[in-house]
Enquirer: 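Below are the structure tokens for one structure; questions will follow.
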Amino acid sequence: YTMTVSAADVLTNGQAEQDNRYTLIVRFVENTNMAGAEAQVEVTVTPNPLTEGMVTLSEESATYDCYEHKPVVTVDGLDEGTDYEITYSSQDFTNAGTVAITVTGKGIYAGTVEKTFTIEKATLTVSGTCIATGTYGAKLSALTIEGNWAVNSPSGSGVPGRWTLTGDTVPNVGDSREYTATFIPVSGAENYKPLTARVTLDITKAPLTITGADVAPRAYKEGNRSAEIQRLTFRGLVNGETLTIGEDYFATGAFSDENAGENKTVTVTPFLADNDKAGNYRLADSSFQTTGTISKAPWDIQVTGVPDELTYGDTFTLHSESGVNWSASGAANVDSSGKVTVTGVGKAAITATKPGSSNYEAAENQIIFTAVPKALAVTGLTVTDRAYDGTSTVEITGVTLAGILNGDDVSVATTGLTGTLNGSDVGTYTAVTLPRLTLTGGAASNYILSQLPGAVPASVTIRKAAPLTPKTG
């Protein structure tokens with residue numbers, strides 16, 4: 001009995017062991033005349049190879065266009081399902097990406113062939129113009145792109161989406177540079193190549209609100225309502241920025257009136273400087289109200305009319321502004337008109353005082369001077385005539401002085417006062433030489449003698465001495 005088995009039957013229906021070896025089992029089924037039997041035989045069967053050159057794709061790539069592009073796989077001379085099987089890494093043949101295609105031999109064919117199919121990302125086109133807008137303080141990534149850009153696919157159909165800028169840079173107002181904006185489709189971004197376009201910026205100024213003002217206190221000035229603004233505080237500054245008065249902004253102020261007082265209303269008028277930092281802002285309000293203080297001003301009392309040298313008994317008039325009250329201490333008196341009388345010798349103080357008012361503090365100005373004694377001159381003598389005694393000394397009983405103020409008690413002390421003649425013989429003399437004279441009296445301390453050297457005119461007679469009387473005894 002003969003049984004024939006083809007290699008194809010073995011490869012198709014058998015299960016290979018190591019090295020393409022198969023074990024064939026032949027069973028004879030028992031019948032009426034013969035007993036059943038079984039025999040085994042081991043055979044080696046090598047399948048036909050599946051090679052790279054046998055497998056082709058109808059297309060190896062396509063560009064995304066919203067449609068499916070599944071390629072047709074052809075294996076030369078073989079039938080799918082009988083001679084080979086096809087597996088795909090993905091069944092998505094519409095969206096951009098790469099699909100691995102694996103062809104595996106079966107039946108009398110063995111081997112594996114790998115192919116890839118790629119759907120390329122589509123290239124978008126843009127037309128029109130746009131600008132990026134926002135308020136100062138916004139980062140590039142937060143700006144809004146506005147305009148009429150039209151984005152189209154290769155087929156010419158519009159692709160909806162939005163444009164964005166990236167980065168944390170905060171652009172300034174007036175930034176004239178161009179920036180690169182990126183298009184992000186509403187859906188299917190993975191199917192398109194990146195699309196960018198250049199865009200200019202339109203940055204509006206950020207609003208600043210004044211929240212406070214520091215007003216320098218000052219003294220009252222007649223007719224002056226101005227207020228010095230030392231600093232303003234703002235709400236709305238970006239990223240911790242600060243503005244410096246006199247550099248980034250200026251401010252003028254005006255009190256509600258010129259008079260002294262506390263918590264007076266001050267109207268502040270601010271101005272932003274023309275520089276890069278301040279140019280990014282605009283003031284929300286043209287003025288701001290706060291409070292400040294005008295203190296009372298001190299009177300500026302000027303006193304004039306003081307002579308360079310003053311002597312006891314002098315009078316002079318001081319001059320100052322109206323409303324001044326005069327007072328004196330020491331060696332002088334003053335009346336309400338400012339007329340000063342020197343009443344003694346030594347230091348004197350004249351004080352001009354002006355009382356306070358609603359706008360001025362009480363104030364005073366004091367002048368101090370030193371008065372010297374008044375000089376007296378000897379203009380005459382009273383000398384007692386006498387008899388000759390052989391000396392030139394004569395007794396002075398009176399001295400006439402020139403320069404004494406009316407009513408002053410002052411004279412020359414004459415007790416024991418003698419003078420000297422220019423001779424001792426009998427005769428009439430017309431001059432007497434005086435010793436150092438001493439003033440006396442209640443007002444003597446206010447005077448000084450102006451005593452010139454030499455003799456003082458005076459008339460004095462030395463008569464003959466009485467005759468000698470003989471002495472007996």
Side-chain angles (χ1 to χ4, degrees), residues 50-106 109 111-134 138-169 177-202:
L50 181 68
T51 63
E52 178 80 19
M54 298 170 66
V55 180
T56 58
L57 302 180
S58 60
E59 55 180 345
E60 293 186 350
S61 66
T63 299
Y64 173 78
D65 60 3
C66 300
Y67 299 102
E68 186 177 62
H69 289 272
K70 187 174 183 178
V72 176
V73 180
T74 302
V75 180
D76 291 344
L78 303 185
D79 296 323
E80 182 179 2
T82 301
D83 301 319
Y84 63 90
E85 292 180 345
I86 303 174
T87 59
Y88 301 91
S89 61
S90 171
Q91 292 298 323
D92 184 359
F93 289 94
T94 301
N95 295 307
T98 297
V99 178
I101 302 173
T102 304
V103 180
T104 305
K106 64 180 294 187
Y109 290 90
T112 300
V113 174
E114 297 281 352
K115 294 286 187 179
T116 58
F117 177 76
T118 300
I119 297 180
E120 304 288 350
K121 293 183 178 182
T123 299
L124 298 174
T125 58
V126 59
S127 60
T129 58
C130 279
I131 58 173
T133 64
K139 299 177 181 179
L140 284 173
S141 57
L143 299 182
T144 300
I145 297 179
E146 301 174 344
N148 59 355
W149 271 340
V151 177
N152 296 311
S153 68
S155 65
S157 61
V159 178
R162 60 187 178 88
W163 290 89
T164 64
L165 292 170
T166 59
D168 293 334
T169 299
R177 294 172 293 178
E178 286 189 340
Y179 291 84
T180 299
T182 301
F183 179 72
I184 301 176
V186 171
S187 61
E190 69 278 3
N191 292 316
Y192 300 101
K193 294 178 181 179
L195 176 63
T196 61
R198 302 293 284 174
V199 63
T200 57
L201 307 184
D202 182 12

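Counting from 1, the numbers follow the sequence of the chain as shown. Everything quoted here is computed from the prediction, not taken from an experiment. Values below: all heavy atoms of this structure, side chains included; hydrogens, waters and symmetry mates excluded.
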Enquirer: With a 3.5 Å distance limit and no angle check, can you tell me whether D79 reaches the backbone of T82 through a side-chain donor-acceptor pair?
Expert: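 Checked: no pair found.
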Enquirer: If you measure from CG on D202 to CD1 on I145, what distance do you get to the nearest 0.5 Å?
Expert: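 One finds 13.0 Å between CG of D202 and CD1 of I145.
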Enquirer: Test side chain to side chain contact (heavy atoms under 4.5 Å, CB included) on Y109 and V75 and set out the steps.
Expert: CA-CA 12 Å; Y109 290 90; V75 180; over 6 Å; no
Enquirer: Could you tell me the separation between the OH atom of Y179 and the CG atom of L140, rounded to the nearest 0.5 Å?
Expert: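 Taking OH in Y179 and CG in L140, the distance rounds to 5.5 Å.
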Enquirer: What distance separates M54 CE from T74 OG1, expressed to the nearest 0.5 Å?
Expert: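 So the CE of M54 and the OG1 of T74 are separated by 12.0 Å.
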Enquirer: Minimum heavy-atom separation for L124 to Y192, with atom names?
Expert: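 Smallest interatomic distance, heavy atoms only, reads CD2-CD2, 3.2 Å.
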Enquirer: Check the pair N191 / K121 against side chain to side chain contact (heavy atoms under 4.5 Å, CB included), numbers first and verdict last.
Expert: CA-CA 5 Å; N191 292 316; K121 293 183 178 182; 5.8 Å; no
Enquirer: Does one side chain, of T133 or T144, offer a donor that lies under 3.5 Å from an acceptor on the other?
Expert: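 The answer is no; no qualifying pair exists.
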Enquirer: Mind running side chain to side chain contact (heavy atoms under 4.5 Å, CB included) on I101 and I86 for me, showing each step along the way?
Expert: CA-CA 7 Å; I101 302 173; I86 303 174; 3.8 Å; yes
Enquirer: Taking the six-membered ring where the residue is Trp, are the ring centres of Y88 and F93 under 6.0 Å apart?
Expert: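 That pair passes the under 6.0 Å test.
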Enquirer: If the threshold is 4.0 Å, N to carboxylate O, is there a salt bridge linking K115 and E52?
Expert: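 Salt bridge flag = yes for E52 with K115.
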Enquirer: Let me confirm one number: the OG1-CG distance from T123 to L195, rounded to the nearest 0.5 Å.
Expert: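 Going from the OG1 atom of T123 to the CG atom of L195 covers 9.5 Å.
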Enquirer: Grab the two heavy atoms, one from T164 and one from I184, that are nearest each other, plus how far apart they are.
Expert: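 Looking at all heavy atoms of both residues, the shortest contact is OG1-CD1, 3.7 Å.
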Enquirer: Going through the checks in order, is the side chain to side chain contact (heavy atoms under 4.5 Å, CB included) test met by T129 and N148?
Expert: CA-CA 6 Å; T129 58; N148 59 355; 3.5 Å; yes
Enquirer: To the nearest 0.5 Å, how far apart are OG1 in T116 and CD in E60?
Expert: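 Atom-to-atom, T116:OG1 and E60:CD are 7.0 Å apart.
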Enquirer: Counting heavy atoms not belonging to R162, are there more than 12 under 6.0 Å from its CZ?
Expert: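 No, the 6.0 Å shell around CZ holds no more than 12 heavy atoms from other groups.
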Enquirer: Run the numbers on T102 and E114 for side-chain hydrogen bond (donor to acceptor under 3.5 Å, both in side chains), then give the verdict.
Expert: CA-CA 5 Å; T102 304; E114 297 281 352; 2.9 Å; yes
Enquirer: Give, for atom CD of Q91 and atom NZ of K70, the distance between the pair rounded to the nearest 0.5 Å.
Expert: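 So the gap between those two atoms works out to 4.5 Å.
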